Amino acid sequence: MRGEVCIGSASVLSLVSLVLLIFMHVGQINTSTVPRGISMVNVNTSGYGLGLAAALGDPIGGLYTSNASAPLQQQKGIRDLYKFGLYSYCGYVNGTAGTCSNSSAATRFEPLQVMTADMLKNYSDFTTALITQGTFIDSDYLGEFTNGAYYLIIIGSVCAALALLTGLLKHTVLFFLSTLFAVLGALMLLIGATIWTVIIKKAESINDFIVGPVAAPVPLGITVSTGDALFLLWAAWACLLVSILPYMIRAISRAAGLAAALLTLAAGVGALQKVSRTGRYLYTDDGNRFFIKGIAYQEQGAVLADPNSPFSEPSTFIDPLTDSAACARDLPFLQELGVNAVRIYSVNASLNHDDCMNGLSQAGIYTIIDLALPVNGSIDRNNPTWTVNLLNQYIETIDAFKKYDNVLAFNVGNEVITAPAGTGAAAFIKAAARDVKAYLNSISSSALVGYAAIDGDDSWVVPLANYLACDPTSGNSGSSAIDIFGLNNYEFCGDASASAYNGKNGDFAGYEIPAYFSEFGCVKQPPRLWTEVPIIFSAPMSDIWSGAVAFSYFPAESNDGQFGMVAVDGTTVTPNDDFGRLKDQYGNLTFPTTPSKADAGASQFPACPQQNSTWLASSTLPPTPNAAACDCLESIVSCQFTPKTSNTSAIIGSLIDLGCSLLGQNGGNCDDITPNGTTGTYGRVAFCDPATQLSFVMSEYYELTKRVATSCDFGGNATVNANAPSSVSGANAAASSCLSNPSATFTPSAPSGTSGSGNSGNGSGSGSGSGSGSGSGNNNAAAALFASGQSVFVGLGVAFVFSVLGSALTFA
């Protein structure tokens with residue numbers, strides 16, 4: 001009997017929900033009695049004539065039509081009232097007489113466009129010029145969201161019907177299906193109703209729009225209000241939601257059994273073991289020594305020649321971990337090679353990597369992911385900085401990959417330094433490692449922090465390795481030290497002997513942290529025999545190095561020759577002889593087991609190397625980039641960078657050069673935005689993104705020239721900030737307040753959405769211009785939903801009444 005009660009209650013509630021949805025759907029399909037009274041949203045324009053007259057200062061004639069049957073959108077005059085449904089809208093010259101638009105699925109709610117299409121052209125132009133802000137005029141925003149909401153509502157409606165039909169059959173399996181349909185339907189209706197509720201609340205900002213002279217302001221005369229159909233929608237959602245409860249009561253024991261089965265199944269699926277550093281070696285959680293047996297896995301993007309590097313510098317990149325089909329295509333070949341790690345040089349943090357990362361994890365393959373991006377997304381070897389935009393980019397990439405169990409390490413740079421003259425950049429690399437390491441610790445990530453160096457002369461490569469592993473405070477702290485050092489080493493060519501590595505082995509024999517060959521596989525003397533593999537992975541090298549990454553799976557051009565182990569044609573992969581020989585060498589490896597984790601010893605972090613003619617880096621590091629300080633500064637500077645182009649990265653550099661030149665001509669300088677890793681001095685604005693730095697330089701020049709208007713122009717790329725302090729002394733005080741502690745180091749946090757500093761090419765644009773007349777320009781859905789809670793509570797109230805009625809009918 002209890003089962004019948006559950007089934008009956010659920011069916012009645014589903015029926016009520018479906019009936020309410022049917023009434024909601026017929027709203028405004030024509031002007032007959034029932035559809036006429038049902039609408040999602042109403043727009044009353046009966047007072048707009050008075051508002052427009054007040055705004056223009058002239059009487060208004062011909063704005064409205066008195067002909068109820070006049071066609072819509074033909075400049076015949078606006079109606080007193082517009083009512084919008086899901087399939088069409090209707091215009092009424094009074095409460096009942098009107099005409100409707102053609103019916104079509106997913107009619108967009110675009111009230112301003114509807115009104116202006118009914119007006120004579122002069123009134124349309126006046127209206128467009130008069131109403132310049134607020135969500136009401138943003139037809140794209142309103143139209144796109146209501147269009148999307150329609151499809152959610154139609155899916156929810158179909159699910160409600162299917163829940164009713166399958167529930168009436170009173171079969172255990174079908175009743176389970178009816179509950180699934182109810183759950184899906186309730187979810188779709190909830191999202192659709194929420195979107196409509198928020199949209200209407202946002203559009204209601206027009207209700208408070210004031211026009212006319214300051215002495216005698218009047219309302220604009222356009223009023224947006226919620227229609228009855230939205231109340232019906234919320235009530236239908238509530239009924240469908242409540243209809244789920246009877247099944248839940250009956251099925252709780254089955255759900256418990258299913259959960260137990262799932263837990264048992266999950267317990268049998270082992271995740272990859274965490275790899276951690278102990279002393280100078282890597283170990284898995286079970287205490288075994290870990291060696292990187294890897295391959296570089298990334299297609300080569302467009303390249304720029306660099307005489308200092310054997311590889312051409314990429315100007316674009318192809319993220320290999322977003323193409324699920326390509327990963328599925330390549331994974332069998334990676335497994336055939338026997339690799340346990342792949343190195344990825346650039347990734348797009350905004351894209352989804354689930355399929356590729358999970359596939360690699362299931363195959364037992366770890367990833368080493370470089371955080372830098374080509375061109376503007378990395379530490380510039382010629383003009384090194386460590387700024388907010390770079391830190392944010394690095395953190396966004398970490399956040400995109402922190403959920404995966406097979407991230408072995410994040411590299412903070414690759415071949416940033418290529419010559420002794422550029423070794424001052426090491427201070428910025430080390431600062432990046434410090435801040436990335438602090439962030440990883442704050443989110444309890446076990447990923448290692450690494451750097452991959454080009455193999456140059458020992459006079460600066462060895463100090464670089466030691467510098468990245470040292471403690472500038474001489475306190476044996478690893479807070480600013482990398483966890484793993486990579487060397488892109490190609491000195492073993494052809495069928496060389498083990499002696500080819502004697503020099504490097506000697507250089508790193510006493511190194512304090514794990515080191516590995518982040519690239520290897522010389523192409524200068526083909527064919528590549530890979531006979532260095534057993535040398536690298538056995539004593540004495542295994543006592544010094546923790547593995548190597550062969551370069552490269554995909555074809556890659558370089559100054560030294562052509563790399564690549566496969567040819568790819570669509571879905572077809574053809575391995576070459578390089579592939580076969582590496583496969584054989586990797587397949588014959590047996591990893592050494594010594595030293596044990598217990599014998600590895602603790603890590604030591606010695607003092608940093610002293611500066612000399614080939615090692616220029618200071619042990620004083622740049623501060624942690626402070627986004628809050630930069631945002632504060634950007635808001636109070638007197639002259640702001642407002643670019644005329646969206647491609648700001650193409651102009652920022654030249655504009656900063658211009659600003660600094662102008663400052664110099666007038667007795668100023670750009671020391672505040674200048675970092676110097678050799679002297680260890682860092683301007684107090686040097687950690688801000690380039691756009692904020694440019695605004696600061698522009699403002700310095702503007703202040704220095706006593707705020708002459710022409711000094712804040714810069715070819716039309718600058719604008720005076722009306723919110724800046726009114727005096728030069730006030731501006732300086734405000735800037736000092738924003739930058740009260742420019743040398744601070746702290747644990748960074750994830751960037752907050754789109755606020756703060758973006759990439760160097762983002763400029764300082766203010767984003768959306770769709771604020772409302774009352775000053776509420778954000779699109780906070782939660783706030784709007786709760787502010788419009790009346791709709792929700794009415795829906796729940798109706799649901800409660802129908803629930804009681806349904807139960808009574810069932811028992812009867």
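Bear in mind the structure is a predicted one, so any value in this text is a computation, not a measurement. Nothing fancy with the numbering, it's 1 onward along the sequence.
Looking only at distances, no side-chain donor or acceptor of Lys430 sits under 3.5 Å from a matching main-chain atom of Leu621. Under the 3.5 Å distance criterion, the side-chain polar atoms of Asn476 are matched with a main-chain donor or acceptor of Phe605. Arg707 contributes no side-chain N or O that, together with a main-chain N or O of Cys712, makes up a donor-acceptor pair within less than 3.5 Å. In terms of modelled atom types and a separation under 3.5 Å, the side chain of Ser618 and the main chain of Gly677 share no donor-acceptor contact. In this structure a side-chain-to-backbone donor-acceptor pair under 3.5 Å is present from Asp471 to Gly475. Judged by distance alone, the side chain of Gln393 and the main-chain N or O of Leu371 form a donor-acceptor pair under 3.5 Å. A distance-only check finds no donor-acceptor pair linking the side chain of Ser711 to the backbone of Thr705 [under 3.5 Å]. Using a distance-only test at 3.5 Å, with no hydrogens or angles considered, no donor-acceptor pair links the side chain of Asn676 to the main chain of Thr681. The main-chain N or O of Phe687 is never found under 3.5 Å from a side-chain atom of Thr387 such that the two would form a donor-acceptor pair. Listed for the Ser445 side chain is a donor-acceptor partner under 3.5 Å among the backbone atoms of Ala447.
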**Message:** Quick one, Tyr467 with Trp615, criterion ring-ring contact (aromatic ring centres under 6.0 Å, His included). Give me CA distance, side-chain angles, the key distance, then yes/no.
**Reply:** CA-CA 10 Å; Tyr467 179 84; Trp615 182 250; 5.3 Å; yes

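Atom CZ of Phe145 sits in a sparse spot, with 12 or fewer heavy atoms from other residues, nucleotides or ligands closer than 6.0 Å.
Residue Gly424 comes nearest to Thr678 through the heavy atom pair CA-OG1, 3.8 Å, listed as atom of the first residue, atom of the second, then distance. Between Asp370 and Tyr345, the shortest heavy-atom distance links the atoms CB-O, 3.1 Å. Contact record, Pro320 with Ser346: CD-O, 4.1 Å, taken as the closest heavy-atom pair. Ala617 approaches Gln611 most closely through the heavy-atom pair O-CG, 3.3 Å.
Of the options Ile417, Leu487, Thr614, a side chain to side chain contact (heavy atoms under 4.5 Å, CB included) to Val461 is made by Leu487 and by none of the others. Among the candidates Asp435, Asn441, Val436, the single residue satisfying the side chain to side chain contact (heavy atoms under 4.5 Å, CB included) test with Val449 is Val436.
At a threshold of 4.0 Å, the pair Glu415-Arg381 does not count as salt-bridged, since none of the basic side-chain nitrogens sits closer than that to a carboxylate oxygen. Remark: Asp671 does not engage Arg684 in a salt bridge, criterion side-chain N to carboxylate O under 4.0 Å.
In this structure Asp458 satisfies the salt bridge (charged side-chain N to carboxylate O under 4.0 Å, His left out) test together with Lys504, sequence neighbours excluded.
The line from OH of Tyr701 to CG of Leu662 is 4.5 Å long, rounded to the nearest 0.5 Å.
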